[in-house]
Amino acid sequence: ACASTPHYMPRQHFPGSQVSARNDLAFYAMSLAGTPYRYGGESPQSGFDCSGFVRYVFRHSLGVRLPRTVRSMSRVGRPVSFRRLRPGDLVFYDTAHRRYSHVGIYLDNGLFIHAPSTGKRVRIDHLTETYWSKRYVGAKRPDAFALGATQKSAGSAG
C-alpha cells in the first residue's frame with residue numbers, strides 16, 4: 001500500500017449536506033489506509049497515532065479542529081449509542097487499561113478505520129471482532145455533524 005499523500009479534494013459542503021460531509025470524511029479516511037503507525041504522528045508523511053489520524057482526517061476533509069488526545073476527543077460532541085452509529089462518529093476503546101486510550105472513525109456496516117499500534121498501518125476493522133468488542137467503551141458524534149454544519153459558517157444569516 002502506498003503511504004503517500006492522497007490527491008483527494010472533498011467537494012464543497014453546504015448547510016444541510018450532512019450525508020455528503022460524512023461520506024467525504026469516510027472516503028478521505030479510507031484514502032489514508034496503509035499509512036504507517038507512529039506514536040505522536042500527525043501526518044501521512046510521518047505516520048499517525050490513533051488520535052493524530054482522527055484529527056488529521058477531520059481537519060483535512062471538513063476543516064474541523066478536534067483536540068489532540070483521545071481523552072480530550074472523548075469530551076467533544078454528544079454520546080451516540082452503538083445502534084445509532086453513523087459514518088464519521090468517533091468510536092472509543094480501552095486498549096491500555098484506560099477508559100479512553102484508543103479512537104477510530106466509524107465508516108458504516110460495522111466497520112471503523114484507525115491507526116492501531118506500533119508496527120502496524122492505518123486499517124479498517126470490524127467493531128464486532130472479539131478484540132475490539134471487548135474493549136469498546138462508547139462513541140461520540142462530533143459537533144460538526146450535530147446540526148448538519150460542516151464548515152465555518154462565517155457571515156451566514158440565521
Side-chain angles (χ1 to χ4, degrees), residues 1-37 41-44 47-67 69-95 99-117 120-151:
C2 179
S4 63
T5 304
H7 299 282
Y8 172 84
M9 290 297 296
R11 59 186 169 265
Q12 179 68 36
H13 299 296
F14 299 96
S17 65
Q18 189 179 122
V19 171
S20 174
R22 287 176 179 283
N23 288 338
D24 282 349
L25 182 130
F27 282 115
Y28 187 73
M30 288 187 292
S31 78
L32 296 167
T35 304
Y37 178 93
E42 297 185 89
S43 76
F48 292 111
D49 65 11
C50 66
S51 58
F53 171 70
V54 169
R55 190 169 191 240
Y56 185 90
V57 168
F58 271 82
R59 174 101 168 99
H60 288 87
S61 66
L62 299 180
V64 171
R65 291 181 189 264
L66 291 177
T69 67
V70 177
R71 189 159 193 71
S72 296
M73 283 182 190
S74 74
R75 298 182 186 119
V76 173
R78 60 186 171 89
V80 59
S81 71
F82 188 85
R83 298 175 76 89
R84 297 198 183 276
L85 285 170
R86 298 286 178 263
D89 289 343
L90 304 181
V91 287
F92 294 95
Y93 298 89
D94 176 351
T95 58
R99 186 162 171 77
Y100 296 104
S101 48
H102 189 68
V103 64
I105 300 170
Y106 184 72
L107 296 173
D108 205 0
N109 296 317
L111 300 173
F112 74 105
I113 188 165
H114 62 124
S117 59
K120 298 184 179 167
R121 296 177 177 273
V122 172
R123 70 179 192 212
I124 297 169
D125 281 318
H126 205 283
L127 293 167
T128 61
E129 289 176 23
T130 303
Y131 180 86
W132 297 112
S133 65
K134 284 183 176 181
R135 291 163 176 81
Y136 181 81
V137 294
K140 287 288 191 88
R141 182 154 300 150
D143 294 334
F145 299 124
L147 299 172
T150 57
Q151 283 188 330

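Not measured: the values here are computed from a predicted model.
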Apply side chain to side chain contact (heavy atoms under 4.5 Å, CB included) to H102 and H114, showing your working.
CA-CA 9 Å; H102 189 68; H114 62 124; 2.9 Å; yes
Taking the side chain as C-beta and beyond, is there a heavy-atom pair between Y106 and L127 under 4.5 Å?
yes
Decide side chain to side chain contact (heavy atoms under 4.5 Å, CB included) for V54 and L66; before the verdict, give the C-alpha distance in whole Å, the side-chain angles of both, and the deciding distance to 0.1 Å.
CA-CA 8 Å; V54 169; L66 291 177; 3.8 Å; yes
Mind checking what makes side-chain hydrogen bond (donor to acceptor under 3.5 Å, both in side chains) contact with S72, not counting sequence neighbours?
T69
For F53 versus A115, what's the shortest heavy-atom pair and its separation?
CB-CB, 4.2 Å
Return the CD1 to CZ distance between I105 and R22, rounded to the nearest 0.5 Å.
12.0 Å
By ring-ring contact (aromatic ring centres under 6.0 Å, His included), which residues pair with Y93, not counting sequence neighbours?
F112, W132, Y136
Are the side chains of V57 and L25 in touch, meaning some heavy atoms are under 4.5 Å apart?
yes
Rounded to the nearest 0.5 Å, how far apart are CZ of R75 and CZ of R71?
5.5 Å
With rounding to the nearest 0.5 angstrom, report the CD1 to SG distance, I113 to C50.
13.0 Å
Quick one: ring-ring contact (aromatic ring centres under 6.0 Å, His included) partners of F58, sequence neighbours excluded?
none
Output side-chain donor-acceptor pairs under 3.5 Å for residues 82-89, partner residues at least two apart or in another chain, one line each.
residue	atom	partner	partner atom	Å
D89	OD1	R141	NE	2.9
D89	OD2	R86	N	2.8
D89	OD2	R141	NE	3.4
D89	OD2	R141	NH2	2.8

With sequence neighbours left out, write down each residue that passes side-chain hydrogen bond (donor to acceptor under 3.5 Å, both in side chains) with T128, or none if nothing qualifies.
H126
Least distance between heavy atoms, F92 atom then A139 atom:
CD1-CA, 4.3 Å
Quick one: salt bridge (Lys or Arg N to Asp or Glu O under 4.0 Å) partners of D125, sequence neighbours excluded?
R123
Atom NE2 in H60, atom CG in L32: separation rounded to 0.5 Å?
9.5 Å
Working to the nearest 0.5 Å, report the span between CG of L107 and CZ of F27.
9.5 Å
Is there side-chain contact between K140 and P79, with at least one heavy-atom pair below 4.5 Å?
yes
Please report whether the ring centroid of Y56 lies less than 6.0 Å from that of F48.
yes
When you measure from the side chain of S101 to the backbone of T95, do you find a donor-acceptor pair of N or O atoms at a distance under 3.5 Å?
yes
